**Q** 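Please find one structure pasted underneath; my questions will follow.
Because the structure is predicted, anything quoted here is derived from the model rather than measured. Computation of the quantities below employed the complete heavy-atom set of this structure, encompassing side-chain atoms and omitting hydrogens, waters and symmetry-equivalent molecules. Residue numbers begin at 1 in each chain, while the letters A, B, ... track the order of the sequences.
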There are 2 protein chains.
Amino acid sequence: MVNSQRQLSNIFSALADPTRRRILERLSRLGQCRVTALAKPFRMSLPAISRHLRVLEEAKLVHRQKKGREHLITAEPETLKGAQQWIAQYVTYWESRFDAMDEILKRQTRKGSKS
Amino acid sequence: MVNSQRQLSNIFSALADPTRRRILERLSRLGQCRVTALAKPFRMSLPAISRHLRVLEEAKLVHRQKKGREHLITAEPETLKGAQQWIAQYVTYWESRFDAMDEILKRQTRKGSKS
DNA sequence: GACATATTTAATACATTTGTTAAATATCCT
DNA sequence: AGGATATTTAACAAATGTATTAAATATGTC
């Protein structure tokens, strides 16, 4: 579970960068993947990608398994799910608030059309 | 709908800051709210909050309506929903991938226990 | 008009992020 | 051992983000 504000901040900052989002996208298409393979389509140095991966890893959006000299990167969907839930709490709350508002407006309209 | 990568980046950066998340939380409890009222519990100058609000506004997580000298701030749940959907696409994809993996592992285990 | 209130903008300082290149580390291969 | 491959760490520059205080702007009230 995503608990702390700190972790939530890490997750959202990680997702805020388009390169990191593309890495996640790529990871979802390719599945477990080596660093170099992940980095391939980016017009950016390997150290830059390495750093992005560290950010994703610190946010626990990604998990690293060392196998010899290769580092195999895997997505960690549970974390993304945590962020999703954080957001969902507000969306559902606001939706219900707006639905309630709609209801009130409808009733007022009915009353209005009666008189 | 949340379309561009740019907007997605804005939304996630906006959500990455704990103060801004608290502002949204407060906004969801209080509903439409004046800037000063929103800023009340924060140990931070008003200009700082003003900036945070601008960030939220640029991300379209929040909407501003000027009424005389007061600015009334409202949450914009549609945008949050957009972010939610972006995340959902990966979560569901990964879940199905993992489910498929589980299925394969189960079958292999059955085969293994037979031989 | 003069003063109070609500909010933003400007100027500035400091911290963090993001990219680059060069060097270091770890592992594999012959 | 020596060389090739995979990846990270270091040093640094440029851009961005966040907070502060002081001043500006817009509106309301007597």
**Q** Between P on dT16(D) and CG on N10(B), what's the gap in Å once rounded to a whole number?
**A** 13 Å
**Q** Grab the CZ-P distance between F12(B) and dG17(D) for me, whole Å please.
**A**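 Going from F12(B) (CZ) to dG17(D) (P), I get 17 Å.
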**Q** Suppose the criterion is ring pair (Phe, Tyr, Trp, His ring centres under 6.0 Å): which pairs have a residue in residues 32-81 of chain B, not counting sequence neighbours?
**A** none
**Q** In this structure, how many angstroms lie between the P atom of dT18(C) and the CZ atom of R21(A), rounded?
**A** 12 Å
**Q** If you measure from the Lys or Arg side-chain nitrogens to the Asp or Glu carboxylate oxygens, is any gap between E25(A) and R29(A) under 4.0 Å?
**A** yes
**Q** Grab the NZ-C1' distance between K40(B) and dT5(C) for me, whole Å please.
**A** 14 Å
**Q** Quick one: do I49(B) and V55(B) end up in the same hydrophobic cluster if we chain Ile, Leu, Val, Met, Phe, Trp and Tyr together by side-chain heavy atoms under 4.5 Å apart?
**A** no
**Q** Rounded to the nearest angstrom, tell me the gap between atom CG in D17(B) and atom P in dA19(D).
**A**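 It works out to 6 Å between those atoms.
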**Q** How many Å lie between CG on L15(B) and P on dG17(D), as a whole number?
**A** 15 Å
**Q** To the nearest angstrom, how far is R34(B) atom CZ from dT8(C) atom C1'?
**A** 15 Å
**Q** Tell me which residues in residues 43-59 of chain B put a heavy atom below 4.0 Å from DNA chain C, sorted by number, or none.
**A** L46(B), P47(B), S50(B), R54(B)
**Q** For R69(B), which residues count as a salt bridge (charged side-chain N to carboxylate O under 4.0 Å, His left out) partner, sequence neighbours excluded?
**A** none
**Q** Any salt bridge (charged side-chain N to carboxylate O under 4.0 Å, His left out) pairs touching residues 34-49 of chain A, not counting sequence neighbours?
**A** R34(A)-E70(A)
**Q** Are the side chains of Q89(B) and S28(A) in contact, using a 4.5 Å heavy-atom criterion?
**A**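 No, side chains not in contact.
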**Q** With a 4.5 Å limit on heavy-atom distance, are the side chains of V62(A) and L24(A) in contact?
**A**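 With C-beta onward as the side chain, the pair touches.
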**Q** Rounding to an integer number of Å, can you tell me how far R6(A) CZ sits from dT16(C) P?
**A** 11 Å
**Q** Keeping to residues at least two apart or across chains, list the salt bridge (charged side-chain N to carboxylate O under 4.0 Å, His left out) pairs with something in residues 48-60 of chain B.
**A**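 Counting only pairs at least two positions apart or across chains, the salt bridge (charged side-chain N to carboxylate O under 4.0 Å, His left out) contacts touching residues 48-60 of chain B are R54(B)-E58(B), E57(B)-R64(B).
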**Q** Which heavy atom in L27(A) sits nearest to a heavy atom in I73(A), and how many Å separate them?
**A**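 Distance-wise, the nearest heavy atoms are CD1-O, 3.7 Å.
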**Q** Under 3.5 Å, which protein N or O atoms sit close to an N or O of nucleotides 26-30 of chain C? Give each pair with its distance.
**A**
unit_1  : atom_1 : unit_2 : atom_2 : d
dT27(C) : O3'    : R69(A) : N      : 3.4

